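Below is one structure, written out as C-alpha cells; the observations come after it.
As the structure is a prediction and not an experimental result, all values here were calculated from the model. Sequential numbering from 1 along the given sequence is applied to the chain's residues.
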Amino acid sequence: MKYLSIFASALLATASAYGQSGESCRTASDPTLQKPELYAGYDCVNLLDSTAVTVQPTGSGSFTVCKIVKVMNTRGAVANRILKYDYDPLTAHAEFHRVTIYKANGDVINLDITQQQDYAAPARAIYWGARQIMMEIGRLDPGDIIDYQINKKGFTYALLTGGIGNDESRFIPPMRGQFYDIVPFWTTEPTVRKVYKVNIPMEKEMQFQFYQGECTSSMRYEDGRKAYTFVSTDIMPTRREPNMVDLFDAAPKLMMSSTPRWQDKSLWFNKVNEDYGSFSAIPEAQKKVDELIQGKKTEMEKIAVLTHWVADNIRYSGISMGKGEGYTLHNLKMNYTDRCGVCKDIAGTLIAFLRMAGFEAYPAMTMAGSRVESIPADHFNHCVAVVKLSSGTYMPLDPTWVPFCRELWSSAEQQQNYLPGVPEGSDLCLTPVSAPENHYVRIKANNRLDAKGTLTGQFTITAEGQSDSNIRRIFTTGWQSPMVMNNLYNQVKSYLRINTDLEERRYGFKDACSRLVELDETIQLPTGYKLAGNGKEDSVQSSAADFEGSLRQDGNKVVLHQKLALKKRVYEAGDWNGFRNAVNAHKSFGDYIVIKR
C-alpha cells in the first residue's frame, strides 16, 4: 500500500504542475490492480496519454505531451528502457520537461533531464535533418510506472520554412494564422485514458470531426479563449486484419482545422509555389524539352514523353536544402542540376517541363495509403502534378511512381484523394477506379506430354497497365524461372498474397491494383492417356470480383481456361465474400491434374 499512496499523491502533484493543461492531465486510478485479467498478456498499459495545445494568433502551437505508462512484464520493461520522440527542427522544437519513475517497491526516482540526448534521427532516402530526443530510463521491473512530459513548440508537418536557429518565425506555419491537427485515437497498448485538448484565440473558428468511433467532446470558454477537449477511456488495441486498409481509414481519429475549405488550401498551395518561382524555365532544360517533343504530334504524346523522361532521370533522394522544404517545390535550376529529389522535386521538374512545352500545369498534394477527409487538415504525404488538357479538364500525373511503367498516373494510386494547387482553387478530388481490363495479364501455353512424363512446350505472356509493370520488373530487377502453369509469374498476382481463409472481415482491405487475369493452357497427351475424373467448371460473379474457369479433355488434349476480374484496389468489408469466393475458385484450379492410362 506504500506504493499506492505515493503514486496517488504524485499524480495530484503532477496534475497541478501541468497548469493550463487542466482536464487533459488527470487520470483515473490504476485499473490493472482492479481488473488484472483484462490486461493479462500485454507488455505495458498506458494509464494516461494526453496532449494539450495552446495555439497563438499566428497558428503556432505550444504542445504539452503527458504520458503515464505501467510496465506489466519483462518485455515491457525492455521496450521502455529508452524513451524517444521525433521532431523536425525546421518547424518545431521538442524537449523532455520531466521524467519520473515510480518503482513497484515504492521508490520514486526523478531523472535528471539535463541528461537527455538530441541527435540526428535515422533516415533513408529523405535526409531533411529530422531529429530525435532520447532519455535513458535504465532498468525497469514489472509494476514500475513511467511518468513523463514533453514540451514541443511549432507545428506538426514540414511546410515552407526559413533557417534553423533561435528564430521564432520558424514555428509559424506558412499558411499563417491557420492551425490543424490529425490525432489518432487508436493505440497499440491498452490505454485507460486518452485526452486531446486545444486552446485557441477567441476570434478563431475551428471545425472538427471524430471518425470511426466515439469520444466525449466539449467546447468551453477559458480565460478569454476557446478550449476544445476530446476524451476517450478504456481503449484496447485495434485488432488488425491482413491486407486491411490503413488504420486512419478504420480506427478512431480526430481531425480538426481552422481553414474553412479545401479551396483555400488549394489557392495557398498555388500561390506559395508561383511566388517562389518553382517552375521558372532555364535554357538548358528548354533545350531538353524541345528535343523530347520533337516529332510528337498529339498532346498525349508530348505529355507521355516528358513524364517518362522526368520519371526515369530524376533520382529519388532528398537532401535538405533549407528554404523551400515541404510544400514549396524546389526550383527547376536546382532539380535539373542535381537530378535528384523527393516526390515534390520530381513533380516540380515535370511541371516546369510541361510549361516549357506550352502546357498549363500545377502541383497537387495527395495521400498515398489512406483517405483524406472533408475537414481541410493536411493529411498528405506525396506530391504529384496536374496538366490541363485541350478539353479543359485536369489530368493527374505522377512521375515518382511510373519508372518502368507505361502509365502516366499509377493505378496503384486509384481511389486516392488529391488536392490540385490551381489558380482558380479546387476542392478535394478523387482518382477513379481503373477497370480490370486496363491491367490484364494473359498467359497462353501450348504443351506436349510424352509417355515418359516429359513436358515440353511454349507460352506467350502479354500484359498492360500495372500488370505490365510487374512483368517488366522481372527483367529490370531479376529473372523469372517459369515452372508449371499454376506457378507462372505469380508476382503479378498480388491477390494470391491475401489470406482468403478468413471467413469475414471487420474492416476494408486493399489489393495492389484492379486486375484482369486470363490463363489458357492446352496439354497434348500421349496416346492412350486421359484426364482422370470429369473435369470441372465454375463461375462466380459479384460487384467486387468475377471468375469463370473450366478444365476439360478435348480429344487427346487437356484444355484449361481461367478468367479472373478483380474490380477495385480498395475494397469495403462488405466486398469480402465476393472477392474471396472468386479468388478461391481461381485457386482451386491450381490443384494437381491427374492423367491416367
SB check [X] [Y] (cutoff 4.0 Å):
X	Y	answer
Asp141	Arg139	yes
Glu37	Lys35	no
Asp49	Arg193	no

Straight-line distance of [X] [atom1] to [Y] [atom2], nearest 0.5 Å:
X	Y	atom1	atom2	result
Gln212	Leu247	CD	CG	9.5 Å
Cys383	Phe269	SG	CZ	4.5 Å
Thr188	Asn46	OG1	CG	7.0 Å
Thr100	Asn110	OG1	CG	4.0 Å
Ile200	Met219	CD1	CE	8.0 Å

Under a 3.5 Å distance rule, please check whether [X] uses its side chain to pair with a backbone N or O of [Y] as donor and acceptor.
X	Y	value
Asn381	Ala368	yes
Tyr127	Ala125	yes
Arg515	Leu566	no
Gln117	Met134	no
Arg580	Leu502	yes
Glu214	Ser232	no
Thr191	Glu189	yes

Subject >> Candidate list Phe208, Phe185, Phe210, test ring pair (Phe, Tyr, Trp, His ring centres under 6.0 Å), partner Phe230, passing option >> reply: Phe208
Counting neighbours of [atom1] on [X] that are heavy atoms of other residues, nucleotides or ligands and sit closer than 6.0 Å, is the number greater than 12?
X	atom1	answer
Tyr316	OH	yes
Gln209	CD	yes
Asp112	CG	yes
Glu504	CD	no

**OP:** Apply ring-ring contact (aromatic ring centres under 6.0 Å, His included) to Phe179 and list each qualifying residue two or more places apart in sequence or on a separate chain.
**Re:** none
**OP:** Report the residues that fulfil ring-ring contact (aromatic ring centres under 6.0 Å, His included) with His97, sequence neighbours left out, ordered by chain and then residue number.
**Re:** none
Answer with yes or no whether the side chains of [Y] and [X] bring together a donor and an acceptor at under 3.5 Å.
X	Y	value
Thr431	Glu413	no
Asp181	Tyr196	yes
Tyr87	Asp118	yes
Gln132	Tyr119	yes
Asn151	Gln149	yes

Subject >> Residue among Asp144, Ile82, Ile101 satisfying side-chain contact (heavy atoms from CB on, under 4.5 Å) with Ile137 >> reply: Ile101
Lys/Arg cation over aromatic [Y]: [X], 6.0 Å, 45° cone:
X	Y	answer
Lys265	Trp268	yes
Lys67	Tyr148	no
Lys152	Phe63	yes

Original post:
Can you list every salt bridge (charged side-chain N to carboxylate O under 4.0 Å, His left out) pair that touches residues 225-240, not counting sequence neighbours?
Top reply: Glu205-Lys226
Original post:
How far apart are the C-alpha atoms of Ser258 and Gln178, what are their side-chain angles, what is the distance that settles it, and do they pass the side-chain hydrogen bond (donor to acceptor under 3.5 Å, both in side chains) test?
Top reply: CA-CA 6 Å; Ser258 64; Gln178 301 299 319; 2.9 Å; yes
Please report the shortest heavy-atom distance between [X] and [Y], naming the atom on each side.
X	Y	answer
Ala104	Pro142	CB-O, 3.9 Å
Ile150	Ala94	CG2-CB, 4.5 Å
Met72	Cys44	CG-CA, 3.6 Å

**OP:** Apply the test side-chain hydrogen bond (donor to acceptor under 3.5 Å, both in side chains) to residues Ser410 and Asp398: give CA-CA distance (whole Å), side-chain angles for both, the deciding distance (0.1 Å), then the verdict.
**Re:** CA-CA 7 Å; Ser410 170; Asp398 189 352; over 6 Å; no
Subject >> Check against side chain to side chain contact (heavy atoms under 4.5 Å, CB included), Leu140 and Ile146 >> reply: CA-CA 9 Å; Leu140 292 168; Ile146 311 161; 3.6 Å; yes
Subject >> Trace of the side chain to side chain contact (heavy atoms under 4.5 Å, CB included) decision for Ile145 with Val71 >> reply: CA-CA 6 Å; Ile145 291 177; Val71 175; over 6 Å; no
Centre-to-centre under 6.0 Å for [X] and [Y], is that the case here?
X	Y	value
Tyr418	His382	no
Trp186	Phe248	yes
Phe509	Trp576	yes

Subject >> Pair Lys197-Tyr228, side chain to side chain contact (heavy atoms under 4.5 Å, CB included): steps then yes or no >> reply: CA-CA 6 Å; Lys197 181 175 181 178; Tyr228 296 81; over 6 Å; no
**OP:** Show your reasoning for whether salt bridge (Lys or Arg N to Asp or Glu O under 4.0 Å) applies to Lys568 and Asp511.
**Re:** CA-CA 8 Å; Lys568 302 179 185 179; Asp511 194 2; over 6 Å; no
Subject >> Derivation and outcome, side-chain hydrogen bond (donor to acceptor under 3.5 Å, both in side chains), residues Gln416 and Thr366 >> reply: CA-CA 7 Å; Gln416 183 169 298; Thr366 186; 2.9 Å; yes
Original post:
side-chain hydrogen bond (donor to acceptor under 3.5 Å, both in side chains) between Lys587 and Thr500: does it pass, once the steps are laid out?
Top reply: CA-CA 10 Å; Lys587 289 179 179 178; Thr500 52; 2.8 Å; yes
